[in-house]
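The structure appears right after this line, and notes come after that.
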Amino acid sequence: MRPFLFVVFGGYGDLARRKLLPALFRVTRKPEFQAWRLLGVARSDRFDDESYRDFVAEALVAAGVNRDEARQWARNAGYEALGAQTPEDWQRFGRRVADLEAAFDTPPLRVFYLALPPAAFAPVAEELGRLGLHLPRDRSRLVVEKPYGRDLESARALTQRLHQVFQESQIYRIDHYLGKETVQNLLALRFANEIFHALWHEPHIRSVEITVAESVGIGNRAKYYDRAGVIRDMIQNHLTQLFTLVAMEPPAHLKADEIRNEKVRVLQAAQIDHRGQKPPLVLGQYDRGVIAGQAVPAYREEPGVPPDSTTPTYAALRLRVENDRWSNVEFYLRTGKRLPTRVSVIVIQFRKPTPARRYRLRVQPDHLVIRLQPQEGFQVWIGIKEPGKPHDLRRVNLHLAYQEFFRQPLPDAYETLIQDILEGDQTLFVRADEVEASWQLYEPLLQEENRYQVVSGEDALEPGRVPVFLYPAGSWGPEAAAQILHQDKGTWWQPEVET
Ligand code: NDP
Ligand code: BG6
């Protein structure tokens, strides 16, 4: 394993402090990642090397690392201030990188992690190019955080600028959902188990529901969130990744590009589902409410949110996929902030078997419930005959909980992703054409955002406007979300019934 230099732009930001530093710590506990240096970079001169090491150590302590171990580990860290980012500042940064590299026995792998506001992604990559730090290509990697663009055009423009310097094989676009253990297991579940592989298509599957519910609000992120909204923040990336992993065809081999080719193909075959009379999309914005016994403010009352904001914090939408596998299956995606609980779940609803319909048995459809977080696991809901009764069926839940079965904590998503970056495995990173295909899918919805109108109760919708329904914090979102479900689909899966 090669030694490596890990350069975090945005070295003292929230992401670095809460996620990246603890994840890097865990990666470097592994024997193959022993030779390394960390360089935190930002414009501010609030740190020198010594005080940055204190900052790093505190971040680790906050993540549960023993203080002595944290301080020892932080001795490998340094800090570089970019100030006003003049050419001299960048030259100084370049010399610092060269000095750090010279201290290794062999030239180290370089990882430039852009934990920066998105507007700084391309300018920083261009400066790295001017310094020649993108070369040699097999030794230099660029990691780009989300959001990647705010629509198709801006995502394309960002890719073009990055590609002026870094080749696609050097770029690692983060969607941290791909680093989650249960998300990676989706392909194993589908392709390594015949009972699922054989049934995973249209005649057997009735619908697929993907829910990512959060009980948190937007916290102090109004500046970002109010311009983004739920489609950009969650749907275009995290939920779409889940959707592609459920819907993609099996790749010929388990190679990064073959997997990503299949993901792009299914995205290109996906559309917003306008079939039938039912609307394909329902949007919502959280109002005041109560969560876990605590009163919480409305979205419009959050610090920094304009009191007349129309930004949606909830979306439920229906997709279809135009291919042989899925032509009559609906995909439902649902996510929102300030819902009653934090839960991410994928529910595969099977069709009722033909014999049961012929015998006129009152059966419930089978369900496979994949619980992504928390309390990770699976449930298979099937019907069994009630003992002593000739025709009565009982619903039973065959289940597995990761915690009971593996008896060890799951690796954190960022730990997995950082390790893959160091190993040069791009499977869990989003390729440029994949980002574009997912923006393209939602382009028609994003074009409607200047017509949003927040409505509650009896409010009349003005002509030509798109409703954003107010929902009480602590509820499962606007009641109107039920309108997007196909008439014989039943209701949304209620995660509460699982317990
Ligand atoms: P913060 O605002 O907390 O930190 C941003 C950091 O970037 C600061 O250290 C800032 O320091 C530095 N910075 C800003 N502009 C520049 C620049 N031009 N050159 C160098 N450094 C700069 O942001 P977060 O850490 O929360 O987020 C960083 C990125 O990660 C964003 O793209 C965000 O969307 C993404 N992300 C964050 C998540 C989180 O949980 N925080 C989750 C998912 C994604 P200074 O001002 O001194 O330069
Ligand atoms: C981030 C979004 O990408 O993912 C946040 O910007 C959201 O709004 C978060 O809260 C959810 O991630 P997780 O891992 O907590 O489900």
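Computed from a predicted model, the values in this text were never measured in an experiment. Start at 1 and go down the list; that is how both ligands and their atoms are numbered.
- Counting heavy atoms closer than 4.0 Å to ligand 1, residue E145 contributes side-chain atoms (C-beta onward) but none from N, CA, C or O.
- Among all protein heavy atoms, the one lying closest to atom 4 (O) of ligand 2 is H238 NE2, 3.4 Å.
- Looking only at heavy atoms of the protein, atom 46 (O) of ligand 1 is closest to R43 NH2, 2.8 Å.
- Numbered from 1 in the order shown, with element, the atoms of ligand 1 that lie under 4.0 Å from a heavy atom of G10 read 6 (C), 7 (O), 9 (O), 12 (C).
- Using a 4.0 Å cut-off between heavy atoms, K19 makes no contact with ligand 1 at all.
- A salt bridge does not link R318 with E330: none of the charged nitrogens is closer than 4.0 Å to a carboxylate oxygen.
- Separation of the Y113 and F9 ring centroids does not fall under the 6.0 Å cut-off.
- Listed by number with element, the atoms of ligand 2 under 4.0 angstrom from any heavy atom of K146 are 1 (C), 2 (C), 3 (O), 6 (O).
- Given atom 15 (O) of ligand 2, the protein heavy atom at minimum distance is R342 NH2, 3.3 Å.
- The environment of CZ in R190 is crowded: more than 12 heavy-atom neighbours from other residues, nucleotides or ligands sit within 6.0 Å.
- At most 12 heavy atoms of other shown residues, nucleotides or ligands fall within 6.0 angstrom of atom CZ in R75.
- Nearest protein heavy-atom neighbour of atom 5 (C) of ligand 2: R221 NH2, 3.1 Å.
- Considering all non-hydrogen atoms of both residues, S140 and F112 come closest at OG-CE1, 3.6 Å.
- R139 has a carboxylate O that lies under 4.0 Å from a charged side-chain N of E101, or vice versa, which qualifies the two as a salt bridge.
- The backbone and the side chain of S44 each have at least one atom closer than 4.0 Å to an atom of ligand 1 (non-hydrogen atoms only).
- Taking 4.0 Å as the cut-off, F121 counts as a neighbour of ligand 1 on heavy-atom distance.
- Residue-level proximity to ligand 1 for Y113 is absent, since no heavy atom of it falls below 4.0 angstrom.
- Every atom of ligand 1 is numbered from 1 in the order shown, and the set under 4.0 Å from a heavy atom of P147 is 34 (O).
- A salt bridge links K30 with E415; the closest basic N to acidic carboxylate O contact falls under 4.0 Å.
- Comment: R300 does not engage D308 in a salt bridge, judged by the lack of any side-chain N to carboxylate O separation of less than 4.0 angstrom.
- Within the listing of ligand 1, atoms 18 (N) sit less than 4.0 angstrom from a heavy atom of A120.
- Between E58 and R67 there is a salt bridge, with a side-chain nitrogen of the basic residue lying less than 4.0 Å from a carboxylate oxygen of the acidic one.
- Stacking of R173 on the aromatic ring of Y148 is recorded, both the 6.0 Å distance cut-off and the 45° axial limit being met.
- Checking only distances, Y414 never comes within under 3.5 Å of ligand 1, N or O to N or O.
- In this structure, atom 11 (O) of ligand 1 lies nearest to the protein heavy atom Y12 OH, 3.1 Å.
- Looking at R92 and E80, a side-chain N of the basic residue comes within less than 4.0 Å of a carboxylate O on the acidic one, giving a salt bridge.
- At a heavy-atom cutoff of 4.0 Å, ligand 2 is contacted by the side chain of Y177 but not by its backbone.
- Between D49 and R96 a salt bridge is recorded (basic side-chain N to carboxylate O distance below 4.0 Å).
- Of all protein heavy atoms, the one lying nearest to atom 35 (C) of ligand 1 is K146 O, 3.3 Å.
- Under a 4.0 Å N-O distance rule, the pair D287/R338 does not qualify as a salt bridge.
- For atom 1 (P) of ligand 1, the nearest non-hydrogen atom from the set V8, L15, D14, V124 belongs to D14.
- Of all protein heavy atoms, the one closest to atom 11 (C) of ligand 2 is E214 OE2, 3.5 Å.
- Within 6.0 Å of atom CG in L254, 12 or fewer heavy atoms from other residues, nucleotides or ligands are found, so the atom counts as exposed in its surroundings.
- For S215 against I291, the heavy-atom pair with the smallest separation is O-CD1, 3.4 Å.
- The closest protein non-hydrogen atom to atom 6 (O) of ligand 2 is D233 OD1, 2.6 Å.
- Atom 14 (O) of ligand 2 has as its closest protein heavy atom K180 NZ, 2.6 Å.
- The shortest heavy-atom distance from Q85 to ligand 1 is under 4.0 Å.
- The residues D14 and R17 are annotated as salt-bridged, a charged nitrogen and a carboxylate oxygen being separated by less than 4.0 angstrom.
- Within 6.0 Å of atom CD in E443, more than 12 heavy atoms from other residues, nucleotides or ligands are found, so the atom counts as buried in its surroundings.
- In this structure, the protein non-hydrogen atom closest to atom 40 (O) of ligand 1 is R18 NH2, 2.7 Å.
- Taking distance alone, with nitrogen or oxygen atoms compared against 3.5 Å, Y225 stays at or beyond that limit from ligand 2.
- Taking atom 4 (O) of ligand 1 as the reference point, the nearest protein heavy-atom neighbour is G13 CA, 3.3 Å.
- Close approach of ligand 2 to K337 is summarised as follows: ligand atoms under 4.0 Å from at least one heavy atom of the residue are 5 (C), 7 (C), 8 (O), 10 (O).
- With a heavy-atom cut-off of 4.0 Å, R46 does not touch ligand 1 at all.
- Those atoms of ligand 2 with a heavy atom of H176 less than 4.0 angstrom away are 3 (O), 4 (O), 12 (O), 13 (P), 14 (O).
- The closest protein non-hydrogen atom to atom 22 (C) of ligand 1 is L116 CD2, 3.3 Å.
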